Amino acid sequence: MKRFTSVHDVVAEPGLHALLSEARAYAQDPWRTPELGARKTVGLLFMNPSLRTRMSTHKAATMLGADVIVLNAGSDSWTLETRDGVIMDGTTTEHMKEAAAVMGAYCDVLGLRTFASLTDRDADYAEDVLEKFIAYAGRPVVSLESATRHPLQSFADLITIEQHKTVARPKVVLTWAPHPKALPQAVANSFVEWMRHVDVDLVVAHPKGYELDASFIGDATVTHDQDEALRGAHFVYAKNWSSYAEYGAILSRDMSWTVSAEKMALTDNAKFMHCLPVRRNMIVTDDVLDSPMSIVIPQAANRVVSAQTVLARLLAGAHT
Ligand code: SN0
C-alpha cells in the first residue's frame with residue numbers, strides 16, 4: 001500500500017476483508033509486530049487541530065517500533081503556502097513544495113491533516129492540498145483527515161460496527177444533527193463511502209439542502225424523515241456537516257434533529273456513534289451520550305487499531 005486516502009486505496013489490494021482481519025489481530029495483540037517499523041520514522045503534519053488522530057496515530061506507530069515526529073503547521077513550524085505560482089509576500093512563510101519534500105527526506109511514511117476550506121468546492125473536492133503533499137513528499141502518505149474524507153476514522157467506525165453488531169446485516173443510520181459552526185462533509189462522505197463497501201443496510205437522514213456529493217452517496221438510501229430512518233436501527237451515527245450544494249452554508253439549526261433518548265427509543269436497541277469531538281446537547285443529549293447506548297469511547301479507542309493496521313501496511317511498503 002502506497003497511500004491511504006480513501007476506501008479506494010484498499011478495496012483492490014489488500015482488500016477490505018484482509019485489512020479487517022489484520023485489524024482484528026492488532027485489536028487482540030497490539031504488540032504482535034514490534035519490529036515492523038524499526039529504524040523507520042513516521043512524520044505527522046497537522047494543519048488543523050486534532051486529539052484522537054494525533055494520539056492514536058502516534059501510539060500506533062510506537063507499537064510498531066517506529067519513531068514519530070509530529071509537527072503543527074503554523075505554530076511549531078512555518079505557516080504553509082499551498083497555492084502554486086503566488087508571490088509569497090503575505091503571511092505564509094514556506095511553500096508546501098519544500099516542506100513536504102524535506103519531510104519526505106527525513107521520514108519513511110508521512111501523514112497529513114487538512115480540513116476543507118468550505119469556500120472553494122472544486123479545490124476541496126479535487127483534494128488539492130493532500131494531492132500536492134503526496135506529489136511533493138515522494139513517500140507513502142496516510143490521510144489524517146482531508147478536505148473530503150476521514151478514512152482512518154471510517155475504518156475505525158467499520159471495526160467498531162463489526163465488534164458491536166448483533167445481527168449479520170445491521171441497519172446503520174447516518175443522521176445529520178445541528179451544530180453552531182459550518183463543518184466539512186468529510187466524516188459523513190467517508191463513512192458513507194466505507195459503509196457502501198460492506199454488507200449493511202445503510203440509511204442517510206438529513207434535512208433538505210444537506211445532500212452529500214452524488215459520487216459519495218451513490219445508491220445509498222436517503223431520507224428527510226429522521227424518525228423513519230431511526231426505526232429498527234442497530235447503529236445511529238450522528239454527524240453535522242454543512243451544505244454541499246450551497247457550499248459551506250448552514251441551512252438549518254433545527255434542534256428536533258438532536259439525537260435524544262426519545263429518538264433512540266425508535267431504534268432496535270441501537271448503539272450511538274460519533275467521531276468526536278461532539279457538541280453535547282446539540283448533536284446528542286447527555287442522557288444518550290452518558291448511557292450504555294453510547295459506544296463513542298470504544299469507537300475512539302479503535303482509532304489506534306485502525307491507524308496501526310494502516311501504518312503497518314504503509315511501513316511494509318516503504319523503502320528506506
Ligand atoms: C471535525 C469535522 O470534520 O467535522 C473533525 C472531526 C474528526 N470536527 C470539528 O471541526 C468540530 C469542531 C467544533 O467546533 O465542534
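Numbering of ligands and ligand atoms starts at 1, following listing order. Computation of the quantities below employed the complete heavy-atom set of this structure, encompassing side-chain atoms and omitting hydrogens, waters and symmetry-equivalent molecules. Since this is a predicted model, take the numbers as computed values, not measurements.
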May I ask whether [X] places a heavy atom under 4.0 Å from ligand 1?
| X | result |
| --- | --- |
| Ala186 | no |
| His179 | yes |
| Gln153 | no |

closest protein heavy atom to atom 4 (O) of ligand 1 is Lys239 NZ, 2.8 Å
Of the protein's non-hydrogen atoms, which lies at the shortest distance from atom 1 (C) of ligand 1, and what is that distance?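 Residue, atom and distance for the closest contact: Phe115 CZ, 4.0 Å.
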When you look for heavy atoms under 4.0 Å from ligand 1, do you find them on the side chain of Arg279, its backbone, both, or neither?
->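 Looking at Arg279 and ligand 1, just side chain atoms fall under 4.0 Å.
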- Have a look at ligand 1 and work out which part of Leu276, if any, has a heavy atom under 4.0 Å from it: side chain, backbone, both or neither.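 Just the backbone.
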In this structure, is the centre-to-centre distance between the rings of Tyr237 and Phe272 below 6.0 Å?
no
* Asked: Between the side chain of Asn240 and the main-chain N/O of Ala177, is any donor-acceptor distance below 3.5 Å?
  -> yes
Applying the 4.5 Å side-chain criterion to the ILVMFWY set and letting contacts propagate, would Val187 and Phe235 be lumped into a single cluster?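 Yes; tracing contacts between hydrophobic side chains, which count when under 4.5 Å, links both residues.
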Assigning hydrophobic clusters by single linkage (Ile, Leu, Val, Met, Phe, Trp, Tyr; side-chain heavy-atom cutoff under 4.5 Å), is Val304 placed with Met55? no
Within 4.0 Å of some non-hydrogen atom of His150, the atoms of ligand 1 are 7 (C)
Ranking Met282, Arg113, Glu145 by closest non-hydrogen atom to atom 2 (C) of ligand 1, top hit is Glu145
Heavy-atom distance to atom 11 (C) of ligand 1: which of Leu183, Val278, Asn48 wins?
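The nearest heavy atom belongs to Leu183.
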Practice prompt. Please check if any side-chain donor atom of Asn302 sits under 3.5 Å from a side-chain acceptor atom of Thr160, or the reverse.
Written response: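 Yes, a side-chain donor-acceptor pair sits under 3.5 Å.
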For Ser146 and Glu127, does a side-chain donor sit closer than 3.5 Å to a side-chain acceptor?
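Result is yes, a qualifying pair exists.
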Audit row: Asp213, Gln185, side-chain hydrogen bond (donor to acceptor under 3.5 Å, both in side chains) steps and yes/no:
CA-CA 9 Å; Asp213 176 17; Gln185 296 96 34; over 6 Å; no
Could you tell me whether Lys181 and ligand 1 have an N or O pair separated by under 3.5 Å? yes
Roughly how far apart are Asp108 CG and Leu314 CG, rounded to 0.5 Å?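 The CG atom of Leu314 is 11.5 Å from CG of Asp108, to the nearest 0.5 Å.
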